Number of protein chains: 2
Amino acid sequence: MATIRDVSKIAGVSVATVSRTLSKPDKVSAKTRKIVEAAIKKTNYKPDMLARNFRTRKSSTIVVLVPDIANPFFSRVIRGIEQTAQSLGYAVLLGDTQGLRTREYTYANMVRTSQTDGIIQLDCHIPFEDGIDTSAPLVNACDCIRGTDIPSVELDNVTAAQKMTEHLISLGHINIGLITGPLSSTVTKDRLKGYKNALKKNAIAINDTNITVGDYSISSGTLAANDLFKNKTPPSAIFCMNDEMAIGAIQQAKKNGLNVPNDISIAGFDDISFAEFCDPPLTTISQPAEEFGTKAMSMLYDVINGNEPENKNTYLPFELIIRDSTGPNKRI
Amino acid sequence: MATIRDVSKIAGVSVATVSRTLSKPDKVSAKTRKIVEAAIKKTNYKPDMLARNFRTRKSSTIVVLVPDIANPFFSRVIRGIEQTAQSLGYAVLLGDTQGLRTREYTYANMVRTSQTDGIIQLDCHIPFEDGIDTSAPLVNACDCIRGTDIPSVELDNVTAAQKMTEHLISLGHINIGLITGPLSSTVTKDRLKGYKNALKKNAIAINDTNITVGDYSISSGTLAANDLFKNKTPPSAIFCMNDEMAIGAIQQAKKNGLNVPNDISIAGFDDISFAEFCDPPLTTISQPAEEFGTKAMSMLYDVINGNEPENKNTYLPFELIIRDSTGPNKRI
DNA sequence: CTAAAAAATGTAATCAATTACATTTTAATT
DNA sequence: AATTAAAATGTAATTGATTACATTTTTTAG
């Protein structure tokens, strides 16, 4: 493999000139530039990134921490990250953490060892209490941690969940079940708050047996729905905090001989691509998944370069998508 | 940030000894090892990977070329890759190519510039005709190119498609539609071959109007299905080359007032997690997605280290999953 | 045409680790 | 105790690009 020295010899110039031809061509006279470019072509020279990264002290790589790459919502976010990263000259390392702290640690440490220039975190645990390097360029996307000044791209989950709950109320539902995610995450807490807000606003009592906890998986949706169906007065509508759980809940409803939406309304969250093709098509909240990624990446770019991002906490818009899985309460 | 020199000073040994303590501890006496380890702890030293990678001439990074990270099958494969990579000391760069050759080029070139030590390719185009660096460690997973000696992890797509077609035939279907992917890929060609094999074996004439081309997206499934429904004698069963297209086809069937499977049987391929939760649940071929990833990664590891992988073309098992979207032909 | 300013180019240090080879220390053998 | 072999440690070169600073060349201004 040709090095910059080979090129400089063939072109009859110094290595500095070759380097400059590549990185600051306007600092080189047109004549030598041509000579050097010819030499580069002749030798098929490509700068060694290992050497360049080492010398410039940056990896031009960022890592994205994701609990599960196979989650269709996260994979769209990552697609957005990758696109913007590419256009900004960064490569994207995949940090599938499977929710394990040790793996988060491993990947977060890559900043300290210069393997990576920054971190985008899709579910938020870092920085840990016990003093992980907090100076690492870090941006949270989708989820966030309250009370820190870590830049984030979020949805107004409170309002979104409130809107969805109000949609169900507007259909005449009073007894509304909820299937949450793990209560540790801010996203879940916010959506729960939105659900409660809507009930309060409409003077509907909050019934704790209507609130069940899932883990954002399809199977947890079936389980939680089944629990709700066993209530003394089962809900006439269920709001699930993501589409997967809603799909699980629909399946369980059908298994129990219930028609969706005639006997029970079921709503989701995220608007994954399969939501539209469920039976019945799912009422849900759509989020601009790719935009979470692109925005997070450009914010991280700012942070890496020492610039305060414009909006430290950016909120992206959502949309209530009404399909056929929700309908009027017919039990009244 | 502490360097190896800081540690060596504090420990009162040479940098070589510090380096050895880390990489070949058995070459260092127990006494000095303890001293060095104490100094490392004291300084909170972490070796700079940029320097190490530069010096050792390897990035400890591999790149995975995937046409679309948001595809649920591919994202499972990637999960497998990531897991094995991690355990082998490799980081995984994400190369979402969106099917664009220029992006494939960009990522493939990372091997030449030492940014990455090897490539796993999930849809196969590289090496291109026009002489990209063929010496790059490369493994194909899921798809492959015939007539090269590039190691690959594959499914026996011919047999799998044949099995599925035979399943439909066994249900009494004779007029069987097919929705393929883009005909350029080996996977598609093989599945087409399997379909034809089954028909021939059962002395059923191959009807070209029964074969339509999709692009593995849901919407292409609806379109292709609609085409098939317009045939003079529409098929009583449709075999779709992936689950997404099957989901699209089911939707189109319902839209046309057809009951699945009573009026028409529809089958998919891949067994993505939503297949089980379709309405009706999808008959499909399940593939060990994660295993494609783990196997491909360990093969790539061999190739990178100059060892011929044991089975240059590894075949993974598949399983015919019969659910409710296929049933007896009632039009006879 | 000359002096000063600006532009272009070159020299060599630098980044932080690894490692071949040299040297010193320790252990083993007689 | 002397000799040899083995183990431990140290010295310094090396990796390939970038870049501060020095030097040379070109341009501009008077």
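For the numbers below, each heavy atom of this structure counts, side chains included, while hydrogens, waters and symmetry mates do not. The shown structure was predicted, so the numbers you read here are calculated from the model rather than taken from an experiment.
Checked by atom type and distance alone, the side chain of A:R103 pairs as donor or acceptor with a backbone atom of A:D96 at under 3.5 Å. For A:T56 (side chain) and A:R52 (main-chain N/O), a donor-acceptor pair under 3.5 Å exists by modelled atom type.
Ion pairing between a basic and an acidic side chain is recognised when a charged N comes within 4.0 Å of a carboxylate O; A:R55 and A:D48 show no such pairing. Between B:R146 and B:D190 a salt bridge is recorded (basic side-chain N to carboxylate O distance below 4.0 Å).
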Using a 4.0 Å cut-off on protein heavy atoms (strictly under), produce a 5'-to-3' string for nucleotides 9-19 of chain D with B for base contact, S for backbone-only sugar-phosphate contact, and - for none. BBBBBBBBBBB

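To the nearest angstrom, P of C:dA16 lies 11 Å from CE of B:M1. Rounded to whole Å, atom C1' of C:dT18 lies 13 Å from atom CG of A:L50.
Within the structure, side chain to side chain donor-acceptor pair (under 3.5 Å) pairs that include any residue of residues 299-312 of chain A do not occur (at least two apart or interchain).
When the local axes at the two ends of the helix from C:dC1-D:dG30 to C:dT30-D:dA1 are compared, using 5 base pairs at each end, they differ in direction by 30° after rounding to 10°.
Side-chain atoms of B:S114 and B:S59, non-hydrogen and from C-beta on, never get closer than 4.5 Å to each other. Using a 4.5 Å cut-off on side-chain heavy atoms (C-beta onward), B:E154 and B:L316 make no contact.
Atom CD of B:Q98 and atom CD of A:Q86 lie 8.5 Å apart (nearest 0.5 Å).
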